[in-house]
Amino acid sequence: KGGDPSSKYNGCIFINLQSLMEVSAGAYFTMIKRSEKIKQSIRKGSEKIKDGSIKLKEKSREVKVDIETKVAEHKFFILILIIISILLFYNYLRERIVFDLINSDINDTTNFLKSFGSFSVLVFLILAIAEVVLAPVPSFVLFSAGGLVFGGFLGGLLSLLGNVIGSIIAFWLGKKYGRDIFVHAINEKQMDRFDKYSVKYGWVALFILRLNPFTSTDILSYVAGFTKMPFKHFVSATFFGLAPLSFAQAYLGSGFIGS
């Protein structure tokens, strides 16, 4: 009352300017905080990208090493196969044990086993294992000769043991070296169906095929290795499927052929 109106007006302007400055300062500091958060997010994102690229490089390096290792293993395996093939061919040309087995000469096979004396059991077991791994080598002559030399029971037991050990080796070789090739030979859908049926019906199928006395089932050990059949199913189906034939051939050798 009674004052200068212009002074009141100037005071209002001053207060409004002060409020505007405070608001502007608050907005400025808020922008600074947000920019810091954005910088931190960018920094974290770049660190994650950097870590991801490092992990990707490490993974690619591991894949490369794994491929090189598998290639080296396959080359070594092929080299071993070539050496074994040469030795077997040489043994055949010299008319040794391979020649006798292929030509079903039971007399020479029996004499070959007897020539090792106390080591004949070990030699027979090694031959029984090799007969499976080097499928399809005829087993009848070898197992019958085992029955002649060791008797029906021991000959059958050694034949069965050699069969099971040889089948396990063939199963392992098929899984280690053959499954990758088999997977690439068929499409993914067929492979999934093949694995599914091998897990569900593999034991029964392998057991029935092992019981068949007229065909060699040694190659089935490699085929089983291509699948996801559980190892214990493979061993049990092989043991119970081959037991009758192993003992039958041994007793046949010790009895009928021996007489």
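Along the sequence shown, residues are numbered consecutively beginning with 1.
- Considering CD1 of I165 and CG of L160, their distance stands at 9.5 Å, rounded to 0.5 Å.
- In the hydrophobic cluster analysis, where Ile, Leu, Val, Met, Phe, Trp and Tyr join through side-chain heavy atoms closer than 4.5 angstrom, F240 is grouped apart from Y201.
- In terms of hydrophobic clustering, with Ile, Leu, Val, Met, Phe, Trp and Tyr side chains grouped at heavy-atom distances under 4.5 Å, I129 and I219 are assigned to a common cluster.
- T109 OG1 to R96 CZ: the interatomic distance, rounded to the nearest 0.5 Å, is 14.0 Å.
- Between V141 and D100 the shortest side-chain heavy-atom distance does not fall below 4.5 Å.
- A centroid separation of less than 6.0 Å is found between the aromatic rings of F150 and F124.
- When side chains are defined from C-beta on, S198 does not count as touching F226, because their heavy atoms never get closer than 4.5 Å.
- Qualifying side chain to side chain donor-acceptor pair (under 3.5 Å) partners for D192, counting only residues two or more places apart in sequence or in other chains: none.
- A continuous path of hydrophobic side-chain contacts links I208 to V235 [ILVMFWY only; heavy atoms under 4.5 Å].
- The two atoms that bring A237 and L206 nearest to each other are CB-CD2, 3.9 Å, heavy atoms only.
- Distance alone, capped at 3.5 Å, is enough to place a donor-acceptor pair between the S254 side chain and the Y251 backbone.
- Contact between A250 and G152 at its shortest, heavy atoms only, is CB-O, 3.4 Å.
- Counting only heavy atoms from C-beta outward, the side chains of D218 and S167 never approach each other to under 4.5 Å.
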Checking L125 against V121 for the side chain to side chain contact (heavy atoms under 4.5 Å, CB included) test, could you report, in this order, the C-alpha distance in whole Å, the side-chain angles of both residues, the deciding distance, and whether it holds?
CA-CA 6 Å; L125 188 60; V121 172; 5.6 Å; no

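- Residue Q249 forms a side-chain contact (heavy atoms from CB on, under 4.5 Å) with just one option from S159, P244, S139, and that option is S139.
- Listed by first then second residue, pairs satisfying side chain to side chain donor-acceptor pair (under 3.5 Å) with a partner in residues 227-248 read W203-S236, R210-T238, not counting sequence neighbours.
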V164/L242 under side chain to side chain contact (heavy atoms under 4.5 Å, CB included): CA gap, chis, key distance, verdict:
CA-CA 8 Å; V164 173; L242 291 177; 5.6 Å; no

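- Atom-to-atom distance recorded for L245:CG and N212:CG is 9.0 Å, nearest 0.5 angstrom.
- F112 places a side-chain heavy atom less than 4.5 Å from the side chain of V123.
- Annotation for Y177: atom OH counts as buried by contact number, over 12 foreign heavy atoms lying within 6.0 Å.
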Can F89 and V98 be said to form a side chain to side chain contact (heavy atoms under 4.5 Å, CB included), step by step?
CA-CA 8 Å; F89 184 67; V98 176; over 6 Å; no

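- Cluster annotation: F231 is connected to L220 through the hydrophobic network of ILVMFWY side chains, with a link wherever side-chain heavy atoms come within less than 4.5 Å.
- In this structure, CG in L127 is found 10.0 Å from CG in L134, a value given to the nearest 0.5 Å.
- Hydrophobic clustering places V204 together with F171 (ILVMFWY residues linked when any side-chain heavy atoms are closer than 4.5 Å, directly or through intermediates).
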When you look at K114 and V149, which way does the side chain to side chain contact (heavy atoms under 4.5 Å, CB included) test go after all the steps?
CA-CA 7 Å; K114 288 181 177 179; V149 177; 4.1 Å; yes

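- In this structure, Y222 contributes its side chain and V133 its backbone to a donor-acceptor pair below 3.5 Å.
- The two residues F143 and A128 have their closest heavy-atom pair at CE2-CB, 4.0 Å.
- Below 30°, between 30° and 60°, or above 60°: for F153 and F247 the angle between ring planes is between 30° and 60°, a tilted geometry.
- Taking the side chain as every heavy atom from C-beta outward, I106 and L148 approach each other to under 4.5 Å.
- Distance check: D108 CG to L101 CG gives 10.5 Å after rounding to the nearest 0.5 Å.
- Between N163 atom CG and L158 atom CG the span is 11.5 Å, to the nearest 0.5 Å.
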